[in-house]
Amino acid sequence: MSNDLEVRARASTIRQADELVRAIETRRNLLQYEMGGWCVWPIFRVETEIRLLGKVPPPGGAGRRVQVRERLGRVLADVRSIAMAPPATYCVIGYASNRSERRQGRAVDIFFDPLLSTLGDFFKIEHLDNRAFLSAADDAWTPADASSTLLNMLAAVAAQGPVPRRTRQVAAELSSALRSEVGFDIFPVAEVERRILRFARASRIYEAVFDRLNPRFLLLVAAYGEHAAVAAAKRRGITVVEFQHGLIDDAAYSWTEYATPFRSRMPVPDRIFVYGEHWREQLRRRGFWKEEPRVVGSLRIDHHRSLASEHAEGCTLVITTQGLEQERLARFVGETLTLAEDWQDLRVVLKLHHAESDISVYQNVLGRDQRVQLVPNSAEPSTFDLLRRASFHLSISSTCHYEAVGLGTPTVVLELPGSEMVSDLVERGFAYSAKSPHDVLHILRSAGSRTIDETARGRLFAPNALENIIRELRP
């Protein structure tokens with residue numbers, strides 16, 4: 001068996017891919033490769049795991065991202081906003097798709113509202129990551145001060161041209177080390193060169209922005225996708241705080257003690273605000289993260305816990321997607337509905353993940369069943385509004401499993417690829433597990449009301465998030 005085939009067989013699951021990445025980085029000492037005083041391996045770590053699974057991240061298609069003809073106006077607006085911005089204690093980097101709920105007629109950033117209106121002294125930069133959510137900016141609870149369009153354009157331009165000799169050397173060595181381990185060109189040298197160069201240029205651009213704003217804190221979600229901003233902030237002595245936005249995904253957070261000597265040269269956050277003690281334990285188990293994880297809770301969970309549940313008549317099954325295994329998920333749900341053909345008060349609501357734009361896969365399989373409602377990612381009701389009203393929640397491997405538990409809604413894990421990421425919920429008795437449509441029906445028809453004690457729910461989502469976060473962010 002070739003090394004290529006052997007690796008792909010060993011990386012058939014997310015956990016296996018993560019174990020392989022950790023073994024490779026330790027064996028090859030991948031954090032030794034530096035540019036400008038920063039370890040560059042973290043830039044490639046998450047996508048290495050994705051590629052070992054044989055998956056290619058989706059490109060930014062015309063239906064998802066901002067078109068070229070729209071950018072000039074945004075660039076000019078960004079120049080004006082950044083140039084005229086007063087100093088701000090907090091610089092915030094968010095995403096347009098974070099505005100996935102509406103409250104009192106306004107679009108809410110589910111991670112930073114109402115925190116920002118409480119802090120007051122902030123400057124918010126927003127990535128325009130999904131066109132479906134751009135209109136929400138018109139009535140945003142807390143509007144962004146600038147988009148990232150200007151910064152991204154400057155970084156792209158600055159990364160063009162000749163590649164410095166040192167960059168070529170580091171890129172060649174890193175690409176070769178990975179290729180020798182996995183048996184194929186997982187990251188071609190030219191791609192590594194451009195990514196390192198863009199990281200270096202973008203970090204300098206962010207430094208200039210931070211020099212203008214003079215913040216004490218950088219607040220963001222998904223720090224593993226913001227390496228340039230994180231490096232720039234740390235170089236300027238700004239405290240970098242990441243807000244948990246989903247599962248504590250192994251690819252992004254599973255650094256081991258091997259990385260400890262490199263910590264000061266890694267573009268990683270200084271603090272990670274996690275939902276509950278469960279997540280802190282997950283982060284700290286491999287020895288790298290120590291005091292960085294801080295239990296604060298979830299602003300979104302707190303809001304929805306304060307609202308009364310609104311369970312409808314009959315049985316309402318809410319399914320949340322992830323942009324993974326779409327066809328298999330659609331078939332699974334279709335077969336479940338076929339088996340439940342005589343169950344007329346069964347209602348299925350399928351809500352798209354914020355990164356999904358194509359609902360046709362589900363329409364083709366489920367669209368003719370009158371019991372099914374398909375809800376696009378940017379449409380109401382929001383995911384949490386649906387979870388509060390659901391009789392059961394169902395997904396493959398989603399933070400929504402934990403969020404359903406936090407809201408007191410029974411959740412079912414479908415045993416499709418990726419479900420091992422939430423196996424701990426099943427093992428602890430917090431979730432049901434279904435291997436087949438027959439299993440789902442058995443659970444729906446026979447399960448009693450599964451209650452989860454407040455202590456367990458508190459371990460997943462600590463209460464009083466706003467107060468906890470403000471306490472942690474005192475300058």
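With hydrogens and angles disregarded, a donor-acceptor distance shorter than 3.5 Å links the side chain of K351 to the backbone of P381. Formation of a donor-acceptor pair under 3.5 Å by the T26 side chain with backbone atoms of A23 is not found in this model. Distance alone, capped at 3.5 Å, places no donor-acceptor pair between the S397 side chain and the S419 backbone. Side chain of N468 to backbone of N464: a donor-acceptor contact under 3.5 angstrom is found. Judged by distance alone, the side chain of R371 and the main-chain N or O of W343 form a donor-acceptor pair under 3.5 Å. No side-chain donor-acceptor contact under 3.5 Å links S398 to the backbone of S395. Using modelled atom types, one side-chain atom of E420 and one backbone atom of G418 make a donor-acceptor pair closer than 3.5 Å. Side chain of D270 to backbone of T239: no donor-acceptor contact under 3.5 angstrom is found. At least one donor-acceptor pair under 3.5 Å links the side chain of R51 to the backbone N or O of I186. No side-chain donor-acceptor contact under 3.5 Å links S360 to the backbone of Q363.
Under the rule for a side-chain contact (heavy atoms from CB on, under 4.5 Å), the partners of A379 that lie at least two apart in sequence or sit in another chain are V375, P376. With sequence neighbours excluded, the residues forming a side-chain contact (heavy atoms from CB on, under 4.5 Å) with R106 are Q104, W141, listed by chain and number. N377 pairs by the side-chain contact (heavy atoms from CB on, under 4.5 Å) definition with N130, A132, F133, L352, not counting sequence neighbours. Remark: D138 pairs with no residue by the salt bridge (charged side-chain N to carboxylate O under 4.0 Å, His left out) rule, at least two apart or across chains. When the side-chain contact (heavy atoms from CB on, under 4.5 Å) test is applied to E292, the partners found at least two apart in sequence or on another chain are R263, W289, K290. Contacts of Y95 classified as side-chain hydrogen bond (donor to acceptor under 3.5 Å, both in side chains), with partners at least two apart in sequence or in another chain: E226. Partners of E25 under the side-chain hydrogen bond (donor to acceptor under 3.5 Å, both in side chains) rule, at least two apart in sequence or in another chain, are W41, R45. With sequence neighbours excluded, no residue forms a salt bridge (charged side-chain N to carboxylate O under 4.0 Å, His left out) with D145. In this view, R459 and E281 satisfy the side-chain hydrogen bond (donor to acceptor under 3.5 Å, both in side chains) rule, not counting sequence neighbours. Scored by the salt bridge (charged side-chain N to carboxylate O under 4.0 Å, His left out) test, R198 finds no partners at all (sequence neighbours excluded).
Nearest approach of F430 to V405, heavy atoms of both residues: O-CG2, 3.6 Å.
Within 6.0 Å of the CD atom in E291, the count of heavy atoms belonging to other residues, nucleotides or ligands does not exceed 12.
Between T316 and R389 the shortest side-chain heavy-atom distance does not fall below 4.5 Å. Side chains of I396 and R328 form no contact here, defined as non-hydrogen atoms less than 4.5 Å apart. A 4.5 Å side-chain heavy-atom check between Y362 and V372 finds every atom pair outside the cut-off. Two residues are said to be in side-chain contact when any heavy atoms from C-beta on lie closer than 4.5 Å; I110 and L299 fail this criterion. Proximity of R27 to I24: side-chain heavy atoms (C-beta onward) are separated by under 4.5 Å at one or more points. L119 is listed as a side-chain neighbour of L219, based on a closest heavy-atom distance under 4.5 Å. Looking at heavy atoms from C-beta onward, H438 lies in side-chain contact with L339 at the 4.5 angstrom threshold. For the pair F384/C400, no side-chain contact is recorded, criterion being any heavy-atom separation below 4.5 Å from C-beta on.
Ring to ring, F199 and H227 are not that close: their centroids are 6.0 angstrom or more apart. With ring centers used as reference points, F217 lies under 6.0 Å from Y90.
Side-chain contact of H401 with T411: a donor-acceptor pair under 3.5 Å is present, judged by distance alone. Side-chain contact check for E242 and Y253: at least one donor-acceptor pair (N or O, by modelled atom type) lies under 3.5 Å. Side-chain contact of S148 with E126: a donor-acceptor pair under 3.5 Å is absent, judged by distance alone. Side-chain polar atoms of R28 and S180 form a donor-acceptor pair below 3.5 angstrom. Inspection of the Q322 and H354 side chains reveals no N or O donor paired with an N or O acceptor under 3.5 Å. Checking S254 against D18 by side-chain atom types alone, a donor-acceptor pair falls below 3.5 Å. Counting only N and O atoms by type, the side chains of T320 and H353 include no donor and acceptor under 3.5 Å apart. For the 3.5 Å distance criterion, the side chains of Q326 and T321 fail to qualify, holding no donor opposite an acceptor.
When the options I319, D439, V333, L329 are evaluated for a side chain to side chain contact (heavy atoms under 4.5 Å, CB included) with L414, the one that passes is L329.
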Carefully, step by step, assess D302 and F461 under the rule side chain to side chain contact (heavy atoms under 4.5 Å, CB included). CA-CA 9 Å; D302 280 358; F461 297 94; over 6 Å; no
Full working for ring-ring contact (aromatic ring centres under 6.0 Å, His included) between F243 and F112: CA-CA 9 Å; F243 284 58; F112 294 121; 5.0 Å; yes
E467 and R471: CA distance, side-chain angles, deciding distance, salt bridge (charged side-chain N to carboxylate O under 4.0 Å, His left out) verdict: CA-CA 6 Å; E467 293 86 345; R471 183 181 63 250; over 6 Å; no
Apply side chain to side chain contact (heavy atoms under 4.5 Å, CB included) to R285 and R280, showing your working. CA-CA 9 Å; R285 59 184 171 160; R280 176 159 60 181; over 6 Å; no
Apply side chain to side chain contact (heavy atoms under 4.5 Å, CB included) to the pair C315 and S391, showing each step before the final yes or no. CA-CA 6 Å; C315 181; S391 306; 4.0 Å; yes
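Using cut-offs of 30° and 60° on the angle between ring planes, the pair H278 and Y402 is tilted. The aromatic rings of W279 and Y275 sit perpendicular, their planes meeting at an angle over 60°, well past the 30° parallel limit.
Sorted by first and then second residue, the salt bridge (charged side-chain N to carboxylate O under 4.0 Å, His left out) pairs with a member in residues 376-385 read D385-R388; sequence neighbours excluded. The salt bridge (charged side-chain N to carboxylate O under 4.0 Å, His left out) pairs that include a residue from residues 392-404 number zero, where partners must be two or more places apart or lie in different chains.
Under the 4.0 Å criterion applied to side-chain N and carboxylate O atoms, D185 and R179 are assigned as salt-bridge partners. With respect to E19 and R15, no salt bridge is recorded, no charged nitrogen being found less than 4.0 Å from a carboxylate O.
Because its NZ or CZ atom is not both nearer than 6.0 Å to the ring centre of F111 and within 45° of the ring axis, R300 does not count as a cation-pi partner of that residue.
Here OG of S175 is found 9.5 Å from CZ of F187. Values are rounded to the nearest 0.5 Å.
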